[in-house]
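Encoded as structure tokens, the structure appears first; notes follow it.
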Amino acid sequence: MIITRFAPSPTGYLHIGGLRTALLSYLWARRNGGKFVLRIEDTDQSRNNEEAAQAILNAFEWMGLEYDGEITYQSQRGDIYKQYLQQLLDEGKAYYCYMSREELDALREKQTANKERPRYDGRYRDFDGTPPEGIEPVIRIKAPQEGTITVNDGIKGDITFNVDDILDDFIIARSDGAPTYNFVVTIDDALMGINEVIRGDDHLSNTPKQMVVYKALGLDLPKFYHVPMIHNQQGKKLSKRDGATDVMAYKEMGYLPEALLNFLVRLGWSHGDQEIFSMEEMKSLFDPADINKSASIYNVEKLDWLNAHYIKNLDNATLATLLESHDIYLLSHDKREIILDAIKERAKTLQEMAKLIKEILDTPTEYDPKAMKKAFKGEAVSVLESFIDKLQSTPDLHLPIDYHAVMEAVVNDLGIGFGKIGQPLRVALVGKLAGPGLDNIMAIIGVEETTKRVENVIAAIGEAT
RNA sequence: GGCCCCAUCAUCUAAUGGUUAGGAUUCAAGGUUUUCAUCCUUGCCAUAGGGGUUCGAAUCCCCUUGGGGUCACCA
């Protein structure tokens, strides 16, 4: 059975790049009927906090990503790590190193000055003398000192490192006894039965180290997939300065989870010419082996297009529910269907939808001067007056077609084109020259409010002249 | 700087030795729409450069250039 994982360190919110590797791991597990587990890497006490872990969970919930089993917290597994640390010590595969930070720094400085690679020189590797006083030792692992290590990556193929270029006896436990990242990741992945690791390729250089730990512990290696990074417009790794990187910020901006997931799965992966993927399709089609080797640039325009697509295809009840977090309450509004049908093809985000709905529901408080100038030349005022008369004298106005009939009657009576009434009426209703169909707007706000808005604009024209 | 990775339209990608290099987003034009948006049609735009191998190269090899990642008692 394939078991994948997502292992964030809770130092803040869930990052969009993290969400992507989580999604890919999730999809691959689901496609294979395997498991997708979650591990919180909270070993660094000073940087972690509970809110951050909760924020990650919230984002998972919003996205609809379900993990299997219980969450593993590294902070609760100290005893396990100690046990394996002791095992390596007992087997002579790791050792105490009494070098002080100052000595280490000095060594590194000297090496850098000599244009050598900064590395630990192994001075305590075979030490059996009396340890110096007053030094709390770190534990280092005996890493191979020659030869090569090859990572068999499922995306990039075989990558061979020269041990001499990249390794030294790296620290697996700090002087306070706390185990380090490359050590605990290995133990956890192995103990949790994770056999397929899908992670960002910024981890590629960690992999040889982790392989050293796997080997020392006699554990089976998982299959690795190192997914290329997401870059910003400048071609650099996406960072906080690049705008929205917090997954939950997308909720606030009015993006739908399905749009964001669809967008992320298509970054670096494709299936023929298909652009739209439902969750079910992703689960049955995604394969990490098909991921591109190159980094991809994060491009909001495609996300906007996808989001608009998903909004258009959402049913109105769901839409109304979602809009409540954007201060629009339509669930029991009697014109709900007309409103949403009129708006949902015009917005890229829920936030934008909310704005457009407010523009219809709220009486305009100001008029775009350019629109006024353009709409109110010639007989516009008297056309509007005729329209109001007709409106008042027509009974049973409910649906958009009813209002449309009134407009039609007026243009026929006066022998004018639709534009002659459409433009001034539009300015009266929403204050500008763009927006949904006039018949829809009037059906939503009703005869009384329509009349009021027309009277308002006529009054405003009177003031202006 | 050492090591590693990468390279097809502006962007996301397809084409696993033979295609007029395809699709999508963006942009532009036209149509539909009283307007705007949607939608439909059309258009613009790419194999980084140089050498090989081959009847034939975006595809395989080498070099160059460019970009990225990583080098902690962080994760």
Side-chain angles (χ1 to χ4, degrees), chain A residues 7-11 41-44 46-48 74 97 99-101 104-105 108 112 115-119 136-140 151 153 155-157 159-162 164-167 170-182 184-185 200-208 226 228-229 231 233-237 263 266-276 292-306 308-309 312 342-348 356 371 374-375 404 407 411 417-423 425-427 430 432-439:
Chain A
S9 58
T11 54
E41 310 216 321
D42 52 355
T43 49
D44 186 349
S46 58
R47 280 173 49 186
N48 295 318
Q74 287 188 330
C97 168
M99 201 170 176
S100 70
R101 285 173 207 251
L104 234 191
D105 288 344
R108 268 202 273 264
T112 309
K115 298 205 160 104
E116 289 166 24
R117 180 171 74 88
R119 66 203 292 187
E136 289 296 329
V138 299
I139 300 175
R140 291 182 181 269
V151 179
D153 190 82
I155 294 172
K156 308 204 186 221
I159 301 159
T160 299
F161 297 89
N162 203 329
D164 192 48
D165 290 330
I166 57 158
L167 281 183
F170 57 94
I171 292 172
I172 54 175
R174 294 178 271 235
S175 45
D176 65 358
T180 59
Y181 173 75
N182 283 310
V184 294
V185 164
D201 74 359
D202 49 345
H203 281 286
L204 191 54
S205 53
N206 281 324
T207 307
H226 288 98
M229 299 279 90
H231 284 171
Q233 299 291 340
Q234 287 74 42
K236 310 266 188 206
K237 195 171 161 182
F263 172 71
R266 278 285 287 103
L267 229 43
W269 178 83
S270 65
H271 181 257
D273 287 341
Q274 189 171 346
E275 295 290 346
I276 307 293
N292 266 274
K293 290 179 182 176
S294 54
S296 37
I297 292 174
Y298 176 91
N299 162 247
V300 182
E301 281 149 357
K302 195 121 182 191
L303 173 60
D304 282 345
W305 174 73
L306 281 165
H309 169 85
K312 265 178 276 183
I343 294 299
K344 70 184 181 187
E345 296 200 336
R346 328 174 59 81
K348 292 198 279 283
L356 292 172
K374 192 170 175 202
H404 192 81
M407 284 196 289
V411 296
F418 244 106
K420 291 278 186 219
I421 186 170
Q423 292 200 334
L425 184 55
R426 179 171 296 286
V427 174
V430 294
K432 56 183 187 178
L433 279 176
L438 295 168
D439 42 8

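Note that these values count all heavy atoms, side chains included, but never hydrogens, waters or copies made by symmetry. Reminder, nothing fancy here: chain letters follow the sequence lines and each chain counts from 1.
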Heavy-atom neighbours of Lys420(A) NZ exceed 12 at 6.0 Å: no

Watson-Crick/G-U partner (both atom distances under 3.5 Å) of A48(B): U64(B)

Sugar-phosphate, base or nothing in reach of Ser294(A), heavy atoms under 4.0 Å: sugar-phosphate

Length of the CG-P vector between Asn299(A) and U26(B), whole Å: 9 Å

Heavy-atom donor-acceptor pair, Lys293(A) side-chain to A7(B) base, under 3.5 Å: no

Under-3.5 Å donor-acceptor pair between Ser205(A) side chain and C71(B) base: no

Closest to side chain of Asn182(A), choosing from U34(B), A14(B), A75(B): A75(B)

base_contact_polar (G23(B) base, Glu275(A) side chain, donor-acceptor, <3.5 Å): yes

Sugar-phosphate, base or nothing in reach of Gly437(A), heavy atoms under 4.0 Å: base

side-chain N/O Lys374(A) vs U35(B) OP1/OP2, d < 4.0 Å: no

Atom-pair distance (CG on Leu303(A); P on U13(B)), nearest Å: 15 Å

G22(B) to G52(B) separation - C1' atoms, rounded to the nearest Å: 29 Å

His231(A), nearest nucleotide to its side chain (from U70(B), G68(B), U35(B)): G68(B)

Backbone N/O of Arg266(A) and side chain of Ser270(A): donor-acceptor pair under 3.5 Å: no

Sugar-phosphate only, base, or nothing, as touched by Lys432(A) at under 4.0 Å among non-hydrogen atoms: nothing

Pairwise P distance, G66(B) and C61(B) [rounded to whole Å]: 22 Å

Base-pairing assignment for U25(B) (Watson-Crick or G-U wobble, both under 3.5 Å): A10(B)

Parallel, tilted or perpendicular, as decided by the 30° and 60° cut-offs, for the rings of Phe263(A) and Tyr298(A): perpendicular

Non-neighbouring partners of Asn162(A) that pass side chain to side chain contact (heavy atoms under 4.5 Å, CB included), sequence neighbours left out: Asp164(A), Asp165(A)

Rounded distance (Å) that lies between atom P of U35(B) and atom NE2 of His404(A): 12 Å

Length of the CG-P vector between Asn162(A) and U70(B), whole Å: 22 Å

A7(B) versus U16(B) - spacing of their P atoms, nearest Å: 16 Å

Options U26(B), C3(B), C12(B), nucleotide nearest the side-chain atoms of Glu301(A): U26(B)

Phosphate OP1/OP2 of C73(B) contacted by Arg108(A) side-chain N/O (<4.0 Å): yes

Aromatic contact, Tyr181(A) with Phe170(A) (centres under 6.0 Å): no

Sugar-phosphate, base or nothing in reach of Lys115(A), heavy atoms under 4.0 Å: nothing

Sugar-phosphate, base or nothing in reach of Arg140(A), heavy atoms under 4.0 Å: nothing

Length of the line joining His271(A):NE2 and A24(B):P, which is rounded to integer Å: 17 Å

Distance, C1' atom - from U32(B) to A37(B), rounded to whole angstrom: 12 Å

Comparing Ile297(A) and Phe161(A) on RNA chain B - which has the more 5′ nearest nucleotide: Phe161(A)

Sugar-phosphate, base or nothing in reach of Arg117(A), heavy atoms under 4.0 Å: nothing

Selected nucleotide, minimal atom distance to Leu438(A) side chain, candidates G69(B), A72(B), U34(B): U34(B)

Nucleotide nearest Glu345(A) when distance is taken to its side chain, options A37(B), C73(B), G23(B): A37(B)

Side chain of Trp305(A) (C-beta onward), nearest among U34(B), A24(B), U11(B): A24(B)

Sugar-phosphate only, base, or nothing, as touched by Asn206(A) at under 4.0 Å among non-hydrogen atoms: base

Sugar-phosphate only, base, or nothing, as touched by Arg101(A) at under 4.0 Å among non-hydrogen atoms: base

Distance in angstrom units between Arg426(A) CZ and U33(B) P, rounded: 15 Å

Test item: Arg426(A) side-chain N/O and Pro436(A) main-chain N/O as donor-acceptor pair under 3.5 Å: yes

Sugar-phosphate only, base, or nothing, as touched by Leu306(A) at under 4.0 Å among non-hydrogen atoms: nothing

Complementary nucleotide for U35(B) - Watson-Crick or wobble, under 3.5 Å: none

Heavy atoms from other residues, nucleotides or ligands near NZ of Lys344(A) exceed 12 (cutoff 6.0 Å): yes

Thr180(A) side chain vs Ala173(A) backbone, donor-acceptor pair below 3.5 Å: no

G30(B) versus C63(B) - spacing of their C1' atoms, nearest Å: 49 Å

For atom OH of Tyr298(A) and atom P of U25(B), their distance in whole Å: 18 Å

Nearest-angstrom distance, C1' atom, A46(B) to A15(B): 13 Å

Expected output: side-chain Gln274(A) to main-chain Ile276(A) donor-acceptor under 3.5 Å: yes

G49(B) and A58(B), which share atom name P, separated by this distance in whole Å: 11 Å

Touch class at under 4.0 angstrom, heavy-atom based, for His226(A) against every strand present: nothing

Sugar-phosphate only, base, or nothing, as touched by Pro436(A) at under 4.0 Å among non-hydrogen atoms: base

Side chain of Arg266(A) - closest among G23(B), C73(B), C6(B): G23(B)

Separation of the P atoms in C45(B) and C6(B), to the nearest angstrom: 31 Å

Sugar-phosphate, base or nothing in reach of Gly235(A), heavy atoms under 4.0 Å: sugar-phosphate

Length of the line joining Asp165(A):CG and C4(B):C1', which is rounded to integer Å: 10 Å

Selection from G68(B), C12(B), A14(B) that lies nearest to any side-chain heavy atom of Lys302(A): C12(B)

Touch class at under 4.0 angstrom, heavy-atom based, for Leu433(A) against every strand present: base

5′-ward residue of the pair Ile421(A)/Tyr181(A) relative to RNA chain B: Ile421(A)

Identified side-chain hydrogen bond (donor to acceptor under 3.5 Å, both in side chains) partner of His226(A) from the options Asp201(A), Asn206(A), Asp202(A), Asp153(A): Asp153(A)

Watson-Crick/G-U partner (both atom distances under 3.5 Å) of C71(B): G1(B)

Nucleotide paired to G18(B) in any strand shown, Watson-Crick or G-U, under 3.5 Å: C55(B)

